[in-house]
Chemist: 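Pasting a structure below so you can have a look.
Fair warning: this is a prediction, and the values are worked out from it, not measured in the lab.
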There are 2 protein chains.
Amino acid sequence: MSTEHEKLVDELLLKSRELSTETVMFHTAIGILRDLSAVESKVLDYVARLGPLTPKELAEYAGLAPASITALIDRLERKQMVTRSPHPDDRRKVLVGVEEETIERAVSLWDHIVAATRELANDYSESELRTVIGFLERAAAVTHESTLRLTSRSLE
Amino acid sequence: MSTEHEKLVDELLLKSRELSTETVMFHTAIGILRDLSAVESKVLDYVARLGPLTPKELAEYAGLAPASITALIDRLERKQMVTRSPHPDDRRKVLVGVEEETIERAVSLWDHIVAATRELANDYSESELRTVIGFLERAAAVTHESTLRLTSRSLE
DNA sequence: TCGAATATTTCGATGTATCGAATAATTCCG
DNA sequence: CGGAATTATTCGATACATCGAAATATTCGA
């Protein structure tokens, strides 16, 4: 037997997985449109979120060899998505920063999904929104935890 | 000025994006752990969901040339994740199916996230679950639509 | 029946991401 | 000051995914 609550939980899992699949396809489409590999997207994301970083830092974040990062930055620079500038304190170092236009172009790719989600959200009361927000936050935490478990397992 | 409802919508967008990012990282980790490229994962997913398919069908779904699919199936077969079998009705064709063990191993990678989500869901009333389920469903639809827009744009 | 069409594979070529090792420039420190 | 350490790049090598064209086997249709 199965209670109504259990049925709803099963349904929740199903819908979660479906959204998960759609999310991956969305990000894949964005990558293709920007002509970026998964690694390049990741590096660009780090720089966009953390500000200018050195090649060494990027190599550590992305798990690549120094030579690989140099080549990767070369590619992004050729596409005019990042720029190299000398580090003000240490002349051995280089700072890699994203071009403002790169960010703008990326944001515009999200325009539709943001607008559609906004519209969707208008159908929900404040109380309902709080419920959904709470769930999304916890789901993100659970997903993060699960990713950590997977990546640590691969180091055994 | 900004109403309470508007603030909540902004928060919803923020949490959605965070979950989105975590989801991509989770899938990336799974791909690395299974030693599969993004394309290989996609092909494996098609076969797992739609049942045995021919190389031609897979080539169309994945957007690859026939020769590329042959090589891709070779790789998956070498890893014992799929098997080729003759098509019963047309001896020119080949059917590519996933190994049962491949599915089992994949499911086990989801064990933790499923269990944690189940536990999380227990804190929610039936009414709240329905609210969240409804949102996830619509978010998936919105994401799907957005992906379609992106991919069609690239064909202009 | 027999030529055209279809499905798949093989082969060779190409582009590209990644890496280790060597190099150059700079900083750190004893 | 001067050698060791650090940072980034260059270079050459390697691995690999992808592709077009040719080859093979089979089916379809006039």
Chemist: Does R91(B) place a side-chain N or O at less than 4.0 Å from the phosphate oxygens OP1/OP2 of dC28(D)?
Modeler: no
Chemist: Is it true that a side-chain atom of H27(A) and a backbone atom of T21(B) form a donor plus acceptor pair closer than 3.5 Å?
Modeler: no
Chemist: Could you say whether K93(A) or V39(B) is positioned toward the 5' end of DNA chain D, judged by the nucleotide with the nearest heavy atom to each?
Modeler: K93(A)
Chemist: For dT16(C) and R75(A) - does any side-chain N or O of the residue sit under 4.0 Å from the phosphate oxygens OP1/OP2?
Modeler: no
Chemist: Take the protein atom NZ of K42(A) and the nucleotide atom P of dT18(C), then report the distance between them rounded to whole Å.
Modeler: 10 Å
Chemist: Just how far, in rounded Å, is C1' of dT8(C) from CD of E60(B)?
Modeler: 14 Å
Chemist: Mind checking who dA30(D) pairs with, Watson-Crick or G-U wobble, both distances under 3.5 Å?
Modeler: dT1(C)
Chemist: Taking only the side-chain heavy atoms of V94(A) (C-beta and beyond), determine which of dA7(C), dT26(D), dA8(D) contains the nearest atom.
Modeler: dA8(D)
Chemist: Quick one: ring pair (Phe, Tyr, Trp, His ring centres under 6.0 Å) pairs with a partner in residues 48-98 of chain B, sequence neighbours left out?
Modeler: Y46(B)-Y61(B)
Chemist: Taking any heavy-atom pair under 4.0 Å as a contact, classify I69(B): base, sugar-phosphate, or nothing.
Modeler: nothing
Chemist: For dA8(D), take OP1 and OP2 only and decide whether either is under 4.0 Å from a side-chain N or O of R84(A).
Modeler: no
Chemist: In whole Å, I'd like the distance from the CD1 atom of I73(B) to the C1' atom of dT18(D).
Modeler: 14 Å
Chemist: L72(B) side chain: which of dT10(C), dT18(D), dT27(D) is closest?
Modeler: dT18(D)
Chemist: Can you tell me the distance, in whole Å, between the NZ atom of K79(A) and the C1' atom of dA17(C)?
Modeler: 12 Å
Chemist: When you measure from the side chain of K79(B) to the backbone N and O of L36(B), does any donor-acceptor pair fall under 3.5 Å?
Modeler: no
Chemist: Which sits closer to the 5' end of DNA chain C, D90(B) or S37(A), going by the nucleotide each is nearest to?
Modeler: D90(B)
Chemist: Check whether S146(B) reaches the backbone of V142(B) with its side chain - one donor and one acceptor, N or O, closer than 3.5 Å.
Modeler: yes
Chemist: Looking only at side-chain atoms of A67(B), point me to the closest of dC19(D), dG20(C), dT8(C).
Modeler: dC19(D)
Chemist: Round to the nearest Å and state the distance from L64(A) atom CG to dA8(D) atom C1'.
Modeler: 15 Å
Chemist: With a 4.0 Å cut-off on N to O distance, would you call K93(A) and E57(A) a salt bridge?
Modeler: no
Chemist: Donor-acceptor pair, distance only, cut-off 3.5 Å: does the side chain of T117(B) make one with the backbone of I113(B)?
Modeler: yes
Chemist: Report yes if a donor N or O on one partner sits less than 3.5 Å from an acceptor N or O on the other, where the partners are the side chain of R92(B) and the base of dT8(C); otherwise report no.
Modeler: no
Chemist: Hey, which sits more toward the 5' end of DNA chain C by its nearest nucleotide, D89(A) or D74(B)?
Modeler: D74(B)
Chemist: OP1 or OP2 of dC19(C) less than 4.0 angstrom from a side-chain nitrogen or oxygen of S68(A), does that happen here?
Modeler: yes
Chemist: Without decimals, in angstroms, what is the distance between D35(A) CG and dA17(C) C1'?
Modeler: 14 Å
Chemist: Quick one: H87(B) NE2 to dC28(D) C1', roughly how many Å, whole number?
Modeler: 16 Å
Chemist: Which nucleotide in the list dT9(C), dT10(D), dC19(C) gets nearest to the side chain of A65(A)?
Modeler: dC19(C)
